[in-house]
Amino acid sequence: MTPDGVPQRTGNNLDPWYANYAERAAGFAASEVRALFAVASRPEVVSLAGGMPYVSALPQELITSAFEQVMREQGPVALQYGSGQGIPALREHIVEVMSLEGIRGSVDNVVTSTGSQQALDLVAKLFLDPGDVVLAEAPSYVGAMGVFRSYQASVVHVAMDDDGLIPEALRQTIAHLRGQGRRIKFLYTIPNFHNPAGVTLSAERRPEILEICRSNEILVLEDNPYGLLHFDEPAPHALRSMDAEGVIYLGSFSKTLAPGFRVGWALAPHAIREKLILAAESAILSPSSFSQLVVSEYLSQADWRGQIDAFRGVYRERKDAMIEALGEYLPQLSWTNPNGGFYVWVTLPDVLDSKQMLPRAVRELVAYTPGTAFFADGRGRHAIRLSFCYPTPDAIRLGIRRLATVVNGELDLLDTFAGTGPLQLPDRPGIEPAPPTDLK
């Protein structure tokens with residue numbers, strides 16, 4: 001403070017306004033995924049890092065036609081402000097899309113958003129106070145954890161295995177937190193083709209997870225961007241289809257159409273719906289009328305179910321290429337084998353650190369996402385997420401071959417200097433040594 005009571009701006013040598021930021025600004029940090037984009041965009045690098053959909057598989061003429069139709073017939077509406085809840089015609093299509101996963105939703109309870117990421121942020125804004133707890137799978141989506149941190153909440157991970165979130169682990173975690181007097185606001189879960197783990201919550205566990213949350217008065221936030229992108233068997237019906245009052249469902253057209261439209265949605269219980277609309281209006285006034293109308297026009301005119309089938313075929317071929325290449329070049333590792341979605345979760349030997357190994361991988365012209373990006377508590381250094389959605393099958397095989405050069409080179413180096421001490425990776429007190437090794 002200055003002598004006259006005015007707050008003094010101290011700052012630092014990089015940011016003169018540093019001292020003026022709100023406390024919650026400390027929760028904003030560049031994710032490891034974002035930091036990789038600059039490297040991964042170099043044409044010589046095979047990027048197995050980012051979850052970018054293969055939008056080249058879209059029928060460009062139909063997208064162009066939708067643009068032109070909207071501007072020709074609804075131009076003044078498309079270029080104007082709209083409702084904070086979203087355009088009714090699109091919300092009707094969204095209800096139809098959700099019906100494929102067993103959801104009987106009302107158009108009135110759908111709120112469109114600027115991608116499902118904004119819907120995630122709005123839910124966090126409505127429910128999270130500093131110090132609140134969000135339960136999430138171990139590992140969990142990096143973008144969600146960034147949102148929760150920005151509202152000064154704590155993410156507490158719950159163990160998962162081949163069949164998704166483990167009910168008994170959820171019970172024990174809730175009991176432990178309640179014993180500490182901590183306040184749990186909701187469970188955040190990606191039940192279908194999980195990002196980053198690739199696993200799917202089994203049909204048997206879904207009602208049990210819902211009952212645990214219901215009996216403990218814990219809201220469920222179901223994030224489901226990949227649910228329709230199955231390969232062999234469809235995922236079980238959405239959690240929201242079994243509990244209309246205890247689940248907020250988040251959906252998106254980013255993976256089944258294109259992320260550039262930035263159109264997502266939330267399906268919420270009625271009372272929460274009202275607050276979501278108010279929060280959305282406060283944040284952005286209204287989602288883009290233009291994007292909503294183009295997506296609505298596309299869904300009206302195109303064979304969008306057939307297009308999703310086409311995407312399934314593209315991603316199935318690429319996933320198969322990745323699994324085959326891992327078996328050929330890195331058979332000593334373990335990994336998940338997803339039945340949909342974009343990602344494979346790979347577990348490394350305990351002596352390797354995925355974050356420390358990344359610079360060498362980039363030198364070998366391959367990029368991945370270190371497992372540490374997907375944990376709020378420092379775990380994940382013995383794991384990596386590989387994304388198969390964007391590169392061609394040939395590029396995936398090349399990328400895995402380059403990754404094998406890195407992994408085997410690191411193991412050879414450690415083996416050569418075994419017992420010398422300084423090259424051995426230190427244990428980190430208070431941190432679990434690895435994410436679940438049974439995600440195979």
- Task: Have a look at N192 and tell me which of N224, D223, N339 forms a side chain to side chain donor-acceptor pair (under 3.5 Å) with it.
- Result: N224
- Quickly, which of Q85, Q118, Q292 forms a side chain to side chain donor-acceptor pair (under 3.5 Å) with T112? Name it, please.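 Of all the options given, the one that passes is Q292.
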Given side chains that start at C-beta, do those of [X] and [Y] come closer than 4.5 Å, heavy atoms only?
X    : Y    : result
V95  : R104 : no
L411 : P349 : yes
P196 : T369 : no
F388 : D320 : no
L348 : L333 : yes
T372 : D353 : no
L170 : C213 : yes
L48  : V46  : yes

Side-chain H-bond candidate by donor/acceptor type, [X] with [Y], under 3.5 Å:
X    : Y    : answer
R149 : S154 : no
N195 : R385 : yes
Y298 : Q69  : no
H176 : Q172 : no

Any donor-acceptor pair under 3.5 Å linking the side chain of [X] with the backbone of [Y]?
X    : Y    : answer
E222 : L239 : yes
T336 : P338 : no
H382 : L352 : yes

When the side chains of residues 119-145 are checked against the rest of the protein, which donor-acceptor pairs come out under 3.5 Å, sequence neighbours left out?
unit_1, atom_1, unit_2, atom_2, d
D121, OD1, Y151, OH, 3.3
D121, OD2, Y151, OH, 3.0
D132, OD1, R183, NE, 2.8
D132, OD1, R183, NH2, 3.0
D132, OD2, D129, N, 2.7
D132, OD2, K185, NZ, 2.6
E137, OE1, I190, N, 3.3
E137, OE1, H194, NE2, 3.2
E137, OE2, T189, OG1, 2.5
E137, OE2, I190, N, 3.4
Y141, OH, Q117, OE1, 2.9

- List the steps, then state whether salt bridge (Lys or Arg N to Asp or Glu O under 4.0 Å) holds for R379 with D377. CA-CA 6 Å; R379 282 183 282 171; D377 55 12; 3.0 Å; yes
- Message: Looking at E217, I want to see if its CD is surrounded by more than 12 non-hydrogen atoms of other residues, nucleotides or ligands under 6.0 Å.
- Response: no
- Item | Whether over 12 other heavy atoms sit under 6.0 Å from E233 CD | no
- Task: Indicate the ring-plane relationship of Y226 and F342, choosing parallel, tilted or perpendicular according to the 30° and 60° boundaries.
- Result: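 Ring orientation of Y226 relative to F342: perpendicular.
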- Hey, can you tell me if F148 and Y188 have their rings parallel, tilted or perpendicular (30° and 60° cut-offs)?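 Taking Y188 first and then F148, their aromatic rings stand perpendicular (interplane angle over 60°).
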- Message: Would you say the ring centers of H157 and F375 fall short of 6.0 Å from each other?
- Response: yes
- Item | Centroid-centroid distance, F67 to F290, less than 6.0 Å |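 Under 6.0 Å, so yes.
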- Do R206 and E211 sit within salt-bridge range, that is, some charged N less than 4.0 Å from a carboxylate O? no
- Task: Tell me, please, whether Y329 has R397 positioned over its six-membered ring: NZ or CZ under 6.0 Å from the ring centre and within 45 degrees of its axis?
- Result: no
